[in-house]
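What follows is one structure encoded as C-alpha cells, with my remarks underneath.
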Amino acid sequence: MLRFALVGCLLLWSLGFGAKEISTERTGNTQTTAAKMSVQQLLTHEEREYLRTHREFTLCVDPKWMPYEKIDEQGAHVGMASELLALVTDSLGIRFRIHVTKRWGESLEAARAGSCQVLSFLNQTQERSQFLNFTAPIYIEDDVIVASNKVGYIKGLSGLEKKRLAVYREDWEADMLKGKIRGIQTTRYYSPVDAFSAVSSGDAFATISPMAEAIHIIRTHRLYNIKIAGKADTVGTYRIGVRKDEPMLHAILSKAVEVLDPLDKERIVNRYLAVSMSESVNYPLIVSIILGLIAVVAAMLFWNRKLHESREFIRSVLGAVSSAICVIDARGKIIHTNTMWDHLAVAVEASEGSNTCKAGDNYLRYCAQTEWRDVLHAIRAVLKGKREHFSLEHAQHFGSVTRWYMMIITPLSQGKRGAVIAHTEITERVESEEKMRLLAYFDPLTDLPNRRLFSDRLAQLQALSKRHGTYAMIMILDMDKFKSLNDRYGHDVGDQLLIEVAARLREQIRQSDTAARFGGDEFAVVAATQCGSYEEAQESAMTLAHKLHTALTQPYKLFVQGDLIEYPCGVSIGVGLFLGADQSEAALLKYADQAMYALKESGRNGVRLASKE
C-alpha cells in the first residue's frame, strides 16, 4: 500500500538532488596555439631562461569574491579570474600555487610580506603600488548603481546627490570624501552583502558595485526588492599584481597579458556573467518546490499511513506544486503527471500541432519529433544510470508569446529505472536578466552599444587587424549645434533626434561593424577595412564616412508639442586608421577625436581623416 508513497519520497529526493547543479562546470582553457607562440616570441633570452628554472609561483587571491574568484572546499582557485589566469599560465607553461588565506585583507598582507609573489585580480592603487608592479588590465568592468526597485533609472553619479550611500570599498569612500558627489552621506559596511542588505532594508538609498558582483549578490541572497538602477560612470580595471622584487616575472606576465586573445577573454567573461545571472536564482525556485513537497508528503504519510495510497494520492501531492512534473518509466512512457503538466501539454499541443506529451505518451518519441536531440540523449543516459541528472533552460513558443522554463531530469530511484522530469517557469527571471544585460552593455535611450561594449568590440577588431595584417577604422561623430536644439525645444525633442541618429547609423553600417553612443550627442564607429595597404584603407574609410555624413545630415522630422517639424542638423566626423593592437583605446580615440575637433574649428559639418603620423 505504501508503494506509491515511497515513490513520491524518491521523487522528492531526485528533485532535490537535481537542483544542486545547473551546468556551471568550467570548460577549461581556450587559449589558442597561435597566441602561445606569440608570447614565446616576445620573450627575451633572459626571460626564457628564467622560465626554464622557475615553473611555479605563489599566488594570493580573494577567497570569497564570486563570481570573480574564490578558494573552494578543496583549496582550488575557481571563478572568472582563475580561468583568465589560466590563459596566461598555459601560454607560458607555468603554474600558480595558491597561498590560502581567509580574507582579502590577509592576501594583501601576505603579498606585502613576501608570502606570495603574485596577486590575481585587483585594481591598481597608490598604496598597492608601493609593493606591487601591475600588468595591463586583464579584465575591465563597469561599476553600477544598485537601488530599490521603486527608484527609476539613475543617470550616473549625479543622481546620487544628497543621498545616503552604502560603501564597502575604500577607494569609493575616499572618492566620496573628496567631494565628487555633492551632499553625499556615506555609511561604511564590512562586506558588499551588508551594503546590499542596507539598500534592501531602506537604510541606504544605493550602493556602488561591479556589475557581475551586483547580479551575483542580488540573486544569491534573494534581494529581489533591489535592482541595478544605472551606471556609475566608473569602471573596475583589474590587473595582475607582482611583487616589486620580481621584476622579471612582472615583465613576463605583462607580455602574456598583452597578447591574450580578446575573443578568448570574452567567452570566459560572458559565461560567468550568464552563470552569475542564473545559477543562484534557480535554487529558491527548486528549494521551495522540494520543501513544499516534503512538508506535504511527510504530514500525509504520518496521518494517512493506514489509508489507501494509490496513484491518485501521488497525483494530489504533485498537484500542489507550481512546476509541471511527470514521471516516465524505463522506456520513456509517461506514467504520472501533475495538473500543471497537463495544462502545459495542452498548450504545447495547441501551438505545435499533433505532438503530445500527456500521460500514456512516450516522452522520448516526443523529444525525437521536436528535435530535442540533446534532451533525448540526456534522458537515455539518466535512464541507463550513466548520468546523475540533466538541466536545461529553454524557450517555449505559444503563438506570439514566448515563455522560458528550467527543465530538470533526475533518476526515479536506484532500484527501478525511470526518471522525473520537471519544468519550472522562469520567464520573469530571464526577462529581468535581459534587462540587466541591456543596461550593462547598451545605451538605454538609443539601444546602441555603450562605451563598455564598444571597448570590447574595439579590442576584438585590434586582434583581428593584427592577425590578418589589415587596417581598421575608428570614427568619432559629433552632431553640430545639438545644444541649440535642446535649448530651444527641450531635451525630449533632443532625444528624438538622437534616437533617429542611432537608427540611421544602424542602416548604413555592416552587421560586423559597431556603432556606439558615448553620451550626449557623441557617437563612435569601428569597422574593418579588409585592406592591407594604407591607401586602400583610406579610400574605404572615407567612403563609409561620407556615406554616414550624407545619411545623418538629412533633415530630421521631430514632434514639438504635437506639431511635426523638420530640423536640419550637421555632423562632424573624425576618422582614424590603425593597424594591429599596439595602440591603446585611449590613443585611438584621441587620434580620431583630434581630427573631428580640427574639423569643427575650420567650419564643422564634414569629414576629416587624421594624419598618418
Side-chain angles (χ1 to χ4, degrees), residues 2-25 275 278-298 301 311 313-342 344-345 357-359 361-368 370 372-394 396 404-426 429:
L2 293 175
R3 176 185 177 191
F4 293 110
L6 292 174
V7 171
C9 289
L10 289 170
L11 165 62
L12 298 177
W13 179 86
S14 300
L15 280 173
F17 184 83
K20 292 180 182 177
E21 184 174 331
I22 312 295
S23 300
T24 60
E25 296 180 356
V275 169
S278 63
E279 64 179 350
S280 59
V281 74
N282 296 319
Y283 294 157
L285 291 171
I286 302 303
V287 169
S288 63
I289 294 171
I290 297 168
L291 293 179
L293 282 171
I294 291 174
V296 172
V297 172
L301 285 177
R311 293 173 183 265
F313 171 69
I314 294 180
R315 185 184 295 274
S316 66
V317 173
L318 296 180
V321 181
S322 60
S323 297
I325 296 176
C326 83
V327 182
I328 62 174
D329 63 17
R331 295 172 295 178
K333 180 181 178 181
I334 300 175
I335 56 177
H336 292 295
T337 63
N338 70 347
T339 303
M340 287 299 296
W341 182 279
D342 295 337
L344 181 60
C357 48
K358 301 174 184 175
D361 294 328
N362 191 291
Y363 195 74
L364 297 180
R365 188 176 300 117
Y366 168 77
C367 291
T370 53
W372 274 23
R373 301 297 180 186
D374 292 341
V375 175
L376 181 63
H377 296 322
I379 294 177
R380 285 174 174 167
V382 170
L383 290 174
K384 293 177 181 179
K386 296 180 179 180
R387 188 165 186 165
E388 292 182 343
H389 63 278
F390 173 78
S391 62
L392 174 72
E393 291 186 7
H394 67 94
Q396 184 67 51
W404 283 85
Y405 293 88
M406 168 65 76
M407 169 192 279
I408 296 179
I409 303 170
T410 52
L412 181 60
S413 70
Q414 295 298 323
K416 181 178 176 62
R417 290 300 178 196
V420 178
I421 302 172
H423 292 263
T424 301
E425 185 170 356
I426 55 172
R429 189 262 292 170

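Position 1 is the first residue of the sequence; numbering continues from there.
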Euclidean distance, Tyr405 OH relative to Glu393 CD, rounded to 0.5 Å: 13.5 Å
Test item: Asn362 side-chain N/O and Arg331 main-chain N/O as donor-acceptor pair under 3.5 Å: yes
Met340 side chain near Ile325 side chain, heavy-atom distance below 4.5 Å: no
Ile335 side chain near Ile328 side chain, heavy-atom distance below 4.5 Å: no
Full working for side-chain contact (heavy atoms from CB on, under 4.5 Å) between Leu383 and Asp329: CA-CA 8 Å; Leu383 290 174; Asp329 63 17; over 6 Å; no
Side chain Asp342, main chain Thr339, donor-acceptor under 3.5 Å: no
Spatial distance of atom SG (Cys326) from atom NZ (Lys333) [nearest 0.5 Å]: 13.0 Å
Spatial distance of atom OH (Tyr363) from atom CG (Leu376) [nearest 0.5 Å]: 10.5 Å
Centroid-centroid distance, Trp341 to His336, less than 6.0 Å: no
Spacing of Arg387 atom CZ and Arg380 atom CZ [to the nearest 0.5 Å]: 14.5 Å
Closest contact, heavy atoms only, Ala419 versus Val382: CB-CG1, 4.2 Å
Minimum heavy-atom distance between His389 and Thr410, given as atom pair plus value: CB-CG2, 3.9 Å
Spacing of Cys367 atom SG and Arg365 atom CZ [to the nearest 0.5 Å]: 11.5 Å
Least distance between heavy atoms, Leu344 atom then Ala324 atom: CD2-CB, 3.9 Å
Spatial distance of atom CD1 (Ile379) from atom CG (Asp374) [nearest 0.5 Å]: 11.0 Å
Side chains of Phe390 and Val375 in contact at under 4.5 Å (non-hydrogen atoms): yes
Student check: side-chain heavy atoms of His423 and Met406 closer than 4.5 Å: no
Heavy-atom donor-acceptor pair, Asn338 side chain to Ser323 backbone, under 3.5 Å: yes
